[in-house]
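In what follows, every chain begins at residue 1, and chains take the letters A, B, ... in the order their sequences are listed. Computed from a predicted model, the values in this text were never measured in an experiment.
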Amino acid sequence: MKEKKKAEKTEAYDFAKIEQKWQKEWEKKKVFEVKEDSKKKKFYVLEMFPYPSASGLHMGHAFNYTIGDVYARFKRMQGFNVLYPMGYDAFGLPAENAAIKAKSHPKKFTDEAIANFVRQQKGLGLSYDWGREIITCEPEYYKWNQYFFLKFLENGLAYRKRAAVNWCPKCESVLANEQVHNGRCWRHEDTEVEIKQLEQWFIKTTKYSDELLNTKNLEWPERIKIMQENWIGKSYGTEIDFEIPTESNFIVLHGYGGSSEVNFFPWLKRELEKKGYKVSVPKLPNTDNPNVNEQVKYVLDNCKLDENTVLLGHSLGSVVALKVLESLNKPIKKLILAAGFIEPVIKEWPFVKNFDWKFDFEKIRDNVKEIIILHDTKDKIPREQAEKLKEKLGSKLIYFEAEYKHICGEREPIVLNACLEKWSIFTTRPDTIYGVTFMVVSAQHPRLMELVLEKQKKDVEKFLGKIKSTSEKDAEMFGKEGVFTGSYAVNPLTNERVPVYAGNFVVADYGSGMVMAVPAHDQRDWEFAKKYKIPIKEVIKGGNIKEKAFTGDGILINSGKFSGLKSPAAIEEITKFLESKRLGKKAVNYKFRDWLVSRQRYWGTPIPIVYCEKCGIVPVPEKELPVRLPEKVKFGAGNPLATNKDFVEIKCPRCKGKARRETDTMDTFFDSSWYFLRYCDNKNEKEPFDKKKAEYWMPVDQYIGGAEHACMHLIYARFFTKVLRDFGFVKFDEPFFKLFNQGMLHGNDGYVMSKSRGNGVLPEEASKKYGIDAARLFLMSQAAPDKDTQWSENGIEGSLKLINKIFYYFSSLKHGKSSAIIESKTSKAIKEFTDDIENFRYNLGIIKLRALFEAFENEKEISRKDAESFLKMLHPFCPHIAEELWHKIGNKNFISLESWPKADESRINLQLEKQEQACNNLVGDINNIIKLLREKQNKDVHKVYIYTLPKEKDSYDKELLRKKLNIEIEIYSVADKGKHDPQGKASKAKPGKPAVYAE
RNA sequence: GCGGGAGUGCCGGAGCGGUCAAACGGGUUGGCCUUAGGAGCCAAUGGCUUAGUGCCUGCGAAGGUUCGAUUCCUUCCCCCCGCACCA
C-alpha cells in the first residue's frame with residue numbers, strides 16, 4: 001500500500017526496467033570480457049570469492065561487492081585492462097552437513113546455491129567477466145589442488161606425521177591451528193576442540209616463516225600485517241638444557257676388542273653413578289672374534305630392557321644396540337650411538353661375518369623414545385654417513401670436534417653429556433637463570449609421565465583428570481595450577497636442584513613444552529610460586545618482588561660471575577657461556593605451526609595418495625589425476641569415503657599390489673590458496689595456469705575482503721605464492737599488492753547483518769523498492785567503505801530521491817554552454833572525485849557529486865562535455881542509470897567502456913567560486929534581516945538596497961539576487977553619490993560583505 | 001594481560017595545526033504548495049544576543065607543547081577488533 005502510493009506520487013523513474021535492460025545488454029555484448037593485451041596496462045581487482053551458502057546473498061554482500069565493482073569500473077574507465085572475476089569456494093562442511101540433513105547430495109546443494117548466487121550477483125549490476133568463473137568443487141579445478149599437493153610432496157613440503165591435533169567433534173574432523181579460536185572450533189563457537197593423536201598430512205608452511213614475516217612492501221592495512229606478525233610470533237631467545245635425572249639404567253655396549261672400556265667406560269660409569277644413574281657394562285661374548293647375532297642374543301637374554309633403559313653403543317656396540325632394538329616389543333628410553341656405527345667401516349672388519357646388514361629402521365624408531373648420534377668429526381667415518389643415519393632414525397645428531405683418544409680427552413665429557421637426561425627449555429630471559437627456583441612442564445606434554453616418580457603418580461593423575469574435566473573458561477578462574485612430579489632439575493649454571501612441576505599454564509607445543517620458572521621476574525611464575533610456597537629468588541634489581549614480579553631489565557644480582565651486568569649484556573654473556581659448555585644455544589622460536597591439511601570429510605579435494613602394503617606411501621601418478629570424488633556415497637557415521645570400497649580399494653600404482661586410497665580430503669583453504677591464479681587462465685586443461693597469462697595479470701592489484709582472513713587465507717595464499725615461485729610457476733613473491741578490508745553492514749537492529757541473526761535485507765527486495773542503483777549509492781555514501789555502516793530505509797530513500805532528480809534533469813536537459821562557474825566546478829569535482837575514488841573515500845566522492853549536481857540544477861544550460869563528465873562519475877556507483885542517461889543524451893556506445901573524465905585545471909576558477917559563496921552569504925544575510933524585521937518590528941520588506949565596496953560591485957548579479965530573494969533589489973557601490981541610504985548603512989560594508997538596507 | 005583502532009550534534013559521519021568545527025546524509029521542528037500528504041520546495045536545528053552582528057560553551061577527562069590544538073605529546077576513562085598463560 002505504502003509503496004504503491006509513494007510510487008504514484010513521486011513518479012519514480014522505472015528503475016526496474018532500466019536495470020534489467022542494461023544488465024542484459026552488458027551480458028549480450030560481453031562488455032566486461034577481457035583478454036591479455038600487451039599494449040594495455042592491466043589492473044586486477046579481486047574480491048575474496050564467497051562460499052556459496054544456501055541462504056544466498058544479503059545486503060552485506062551487496063555492500064562488499066559494490067566496493068569492488070566501483071573500483072573495477074573506475075579503473076576500466078581509466079583505460080586499464082581490468083580483470084575482475086568471480087568464482088565460488090564451493091567445497092566445505094556446510095553443504096555436506098546440509099546434504100546429510102536433507103538426505104541429498106552436497107553437489108546438488110552447491111550447484112543450486114551457486115546458481116542462486118550468480119543470479120543475485122548479476123542483479124547487483126556487477127561488472128564481472130563471467131567467462132572466467134571458477135568453481136572449486138569441479139574436477140577441472142581440484143585436479144590442480146592434487147597436482148600441487150604432489151609437487152609439495154616431491155619437494156618435501158608435504159609430509160605425514162603422527163601428532164597431537166585439534167579435533168572438532170561437531171565437524172568430526174581435525175582442524176588447522178588457524179581454525180581453532182580460543183580453544184574452540186572456528187565454525188562452532190560453543191564446541192571445545194579436543195586433542196587427538198593422529199597421523200595426518202601437513203604442509204611445511206614454517207619453512208617460509210621468515211619470509212612471511214616480511215610485509216614491508218605490501219600496501220595492506222597495518223593491522224592485518226600486525227595480526228600476521230603476531231600469528232607467526234617470532235621470538236629470539238636461548239635454549240638451555242636442564243638435566244633431570246630420573247630412573248635410568250644404562251647398558252653400555254662396548255666395541256670390538258674392548259679397548260675403550262679399559263679407561264673410558266669405568267670413568268663414564270663412575271661419573272654417571274655419581275649423578276644417580278644406574279650403569280651396567282655387560283661383558284659381551286667373543287670380543288676378539290665378535291659375532292653380532294650372538295652378542296645381540298646375549299643382551300636380550302641378560303639385560304633388563306624397559307622404559308627406563310638407556311642403551312649406549314660404542315663402535316661395534318652400536319650395531320648390537322640397533323639390532324637389539326629391532327627385536328624388542330616395547331620401547332626403551334634412549335639410544336646413544338657413540339662411534340663406529342656405520343656399515344662400510346665395520347663391514348671391512350674381517351671378523352664380522354654372516355651378518356645381515358639390513359636394519360628395520362621404522363621398528364628401531366618405534367622402540368626408542370630418544371636417539372642421539374654422536375659423530376666425531378675427526379673420525380674416519382664421513383659426515384654424510386652420519387647424516388644418512390640421522391635421516392633414517394630422525395635423531396639428534398651431535399657433532400663434536402675432538403681427537404680420537406682412548407684416554408679421557410675432549411670427547412669423554414661429550415659422551416657423558418649425551419648420557420645425561422636433558423630437557424631443554426626456551427627462554428627469552430637467560431639473564432634470570434640464577435633465579436630459577438622450579439621448572440614447569442606442560443600438563444599436555446607427551447613425555448610428562450617420564451618425569452613423574454612412582455610415589456607422585458597418583459597426585460599427577462588426579463591433577464590431569466581435573467584439568468581435563470575443566471573447560472577453558474573455568475580454568476581461567478582457577479588460575480595457575482600444578483602438581484609436583486617428584487623429579488628435580490639441575491640448574492646448569494648453579495648446579496642447584498629445583499623441583500619440576502606439571503602445570504596447566506605451560507603451552508605444550510611452544511618451545512619444548514617446558515619452562516624454567518623465575519618467580520621473581522615473571523608474573524606467571526610468581527603467581528605459581530606464591531600458590532605453592534616456592535621460594536622467590538631475586539636476581540635483577542629494579543622492582544619490589546614482594547608485591548609482584550619485576551619483569552623489566554635491570555642489573556643482575558646474586559648471579560655469580562654475571563652479577564653487575566645489565567640485562568641485555570647478561571643475556572649475551574650467559575648465552576655465550578652456555579654455548580661454550582654445550583649446555584645451551586641461541587634459538588629462535590615461532591608460534592607458527594605447519595599447516596595441517598587432512599580433513600576427515602567427504603566434500604573436499606581427495607588427497608592423491610595411495611597406501612600400499614609393500615611400498616608404503618605412494619603418490620598417485622600425475623597422469624591419473626584428478627582423483628575424482630565418487631558421487632555415490634553413503635553418508636552416515638564419519639567420513640563416507642572411508643566406507644566406500646570402490647574408492648578405497650585400489651592397486652598400488654607402483655607394484656600393482658594391494659593398496660588403499662587416502663580417504664582424507666584437503667582443507668578447503670587449499671582451494672582458496674591459488675584461485676586468483678586460475679582466474680588468469682580458468683579453462684586450461686594442461687596446466688593449472690599458463691605462466692605467461694599469469695605473468696600478465698598477476699599480482700592482484702587490489703584485493704578486497706574481510707579482516708577475518710588475516711591469519712588464515714591470507715597467510716596460506718602468500719605461502720602458496722612463495723612456493724610456486726620457488727617451483728618456477730610464477731615470478732613474483734606476493735599475490736596481493738594492495739588489500740582493502742571492507743567494513744560490516746549492520747541491520748536495523750544495530751547488529752552485523754547476517755542470515756543467522758535474521759536481520760538480513762535481501763538485495764532483491766531493496767532493488768524492487770528503490771532500484772539497485774539507489775541501494776549501491778546509499779551503501780557507498782553512508783561512510784567510508786572500510787568502516788561499519790548501518791542499513792536504513794530512510795537513507796536509501798534519500799539516495800533514490802537524488803537519482804530520481806538526476807533522471808528527470810537529464811531527461812529534459814538541453815545542451816548549451818556551461819557558465820564559467822560550472823566549468824570551474826566540474827573540473828574541480830573531477831579532480832577531487834578521482835582522488836577520492838582512487839583512495840576508497842567513496843562517501844566523500846559522492847558528496848562532491850551531489851554538490852556538482854546541485855550546481856547544475858541552478859543553471860540554465862550545461863555543456864555536453866560537463867553533463868557527460870557528471871554521468872561518467874556517477875557511473876561506477878549507479879551504472880544502470882548512468883548507462884541509460886548516457887544513451888538518452890544521444891550516445892551509442894557504453895558508458896561502462898568510456899574514458900574517465902579529465903579535470904581541466906585551467907578551468908578551475910576559485911575566485912569565481914568565492915564570489916558565488918559571497919553572493920550566497922549575502923542572500924542568507926538578507927533573508928535573516930527580512931525575518932528579523934518581520935518578527936521584531938512587524939515590518940514587511942518591499943525592497944532591498946545593497947552597498948558593495950567599489951571594486952566588488954560587479955561581483956553581485958542583480959538579476960540572480962532578485963530571483964533568489966524574490967524581492968526588488970538595488971545595488972550601489974558605497975562610492976555612488978546618488979544612492980538611496982536613509983539610515984547610512986553603506987558605511988558598514990566590508991570586503992566580501994556588502995552592507996544592506998531594507999524597507 | 002599484550003597488540004591495533006577509535007571516542008565530534010538527536011543519529012550516521014566530515015574536518016586531523018590557524019582561514020569554517022559540524023561538510024554531506026538521516027531525523028526532528030517550522031513555513032510554502034496542497035482537498036490532503038508520509039510527495040515536492042524553503043528554512044531552522046548548543047546557548048545568549050542582533051537589522052545581516054557579537055559573545056559564550058563546545059570535538060571522552062585531565063594535563064602539556066605552541067603565538068594558536070578537535071587535530072601533536074603524556075596520563076586516565078570508555079568502546080570496538082585481534083591474540084590470549086607463547087616463557
Side-chain angles (χ1 to χ4, degrees), chain A residues 2 5-12 181-183 221-231 233-235 237-238 425-430 432 440 442 472 475-476 479-480 503-518 521-525 527-528 551 589-592 707-708 710-711 741 744 746 778 781-784 787-799 801-802 804-805 841 843-844 846-851 854 921-937 939 941 944 946 966 983 985 988 993-998:
Chain A
K2 215 159 128 188
K5 199 168 173 186
K6 209 178 273 176
E8 273 170 22
K9 293 289 177 186
T10 54
E11 292 174 55
H181 299 156
N182 283 328
E222 210 52 38
R223 65 187 183 120
I224 301 288
K225 292 189 185 183
I226 288 164
M227 275 162 81
Q228 292 203 348
E229 207 174 283
N230 292 341
W231 183 256
K234 185 178 190 174
S235 59
T238 307
I425 58 96
F426 176 76
T427 179
T428 53
R429 293 297 302 273
T432 63
V440 189
S442 168
E472 291 237 351
E476 259 166 54
K480 292 164 188 46
N504 66 346
F505 68 99
V506 175
V507 178
D509 72 345
Y510 181 78
S512 61
M514 187 191 264
V515 295
M516 67 178 210
V518 186
H521 306 293
D522 183 288
Q523 189 55 28
R524 295 156 299 188
D525 301 345
E527 282 165 31
F528 194 87
T551 55
N589 244 296
Y590 298 89
K591 287 199 260 182
F592 196 41
E708 68 274 16
C711 298
N741 287 134
M744 304 255 232
H746 295 242
F778 165 69
S781 62
Q782 272 298 93
K787 294 230 170 106
D788 284 10
T789 296
Q790 182 143 12
W791 175 257
S792 106
E793 294 280 319
N794 286 328
I796 190 172
E797 278 182 32
S799 293
K801 272 186 215 168
L802 175 68
N804 224 6
K805 273 197 260 182
R841 295 188 301 251
N843 52 331
L844 301 186
I846 290 169
I847 288 166
K848 277 146 205 165
L849 215 52
R850 274 181 185 273
E854 267 171 38
N921 289 344
L922 180 62
V923 170
D925 286 349
I926 293 169
N927 274 330
N928 197 11
I929 293 167
I930 293 171
K931 190 177 141 200
L932 283 169
L933 284 176
R934 187 169 50 232
E935 283 172 6
K936 299 259 155 120
Q937 301 178 19
K939 267 194 225 162
V941 174
V944 174
I946 295 165
N966 200 21
Q983 293 189 8
K985 295 279 184 193
K988 290 195 172 176
K993 194 165 187 59
V996 174
Y997 170 67

- request: Grab the two heavy atoms, one from A:Gln523 and one from A:Thr551, that are nearest each other, plus how far apart they are.
  value: N-CG2, 4.1 Å
Kindly give the atom pairs (protein nitrogen or oxygen, nucleotide nitrogen or oxygen) under 3.5 Å for nucleotides 28-34 of chain B.
none

message: Less than 4.0 angstrom between a side-chain N/O of A:Ser235 and OP1 or OP2 of B:A87, yes or no?
response: yes
task: Locate the shortest heavy-atom distance separating A:Lys591 from A:Asn230; write the atom from each residue and the value.
output: CE-O, 3.3 Å
- prompt: Between B:A87 and A:Tyr510, is there an OP1 or OP2 to side-chain N/O distance shorter than 4.0 Å?
  reply: yes
query: Can you check the A:Lys225 NZ to B:C81 C1' distance for me, whole Å?
result: 19 Å
query: Is there a donor-acceptor contact under 3.5 Å from the side chain of A:Gln228 to the main chain of A:Ala710?
result: yes
- prompt: In whole angstroms, how far is the P atom of B:A84 from the CD1 atom of A:Ile226?
  reply: 16 Å
Got a list of protein N/O to nucleotides 14-17 of chain B N/O distances below 3.5 Å?
residue	atom	partner	partner atom	Å
B:A14	OP1	A:Lys787	NZ	3.2

task: Take atom NZ of A:Lys805 and atom P of B:G40, then tell me their distance rounded to the nearest Å.
output: 8 Å
query: Quick one: A:Arg429 CZ to B:A87 P, roughly how many Å, whole number?
result: 11 Å
message: Working to the nearest 0.5 angstrom, can you tell me the gap between A:Glu527 CD and A:Asp522 CG?
response: 9.0 Å
message: I need the A:Tyr510 OH to A:Ser442 OG distance, nearest 0.5 Å.
response: 14.0 Å
field: Spacing of the C1' atoms in B:U8 and B:C78 (rounded, Å)
entry: 15 Å
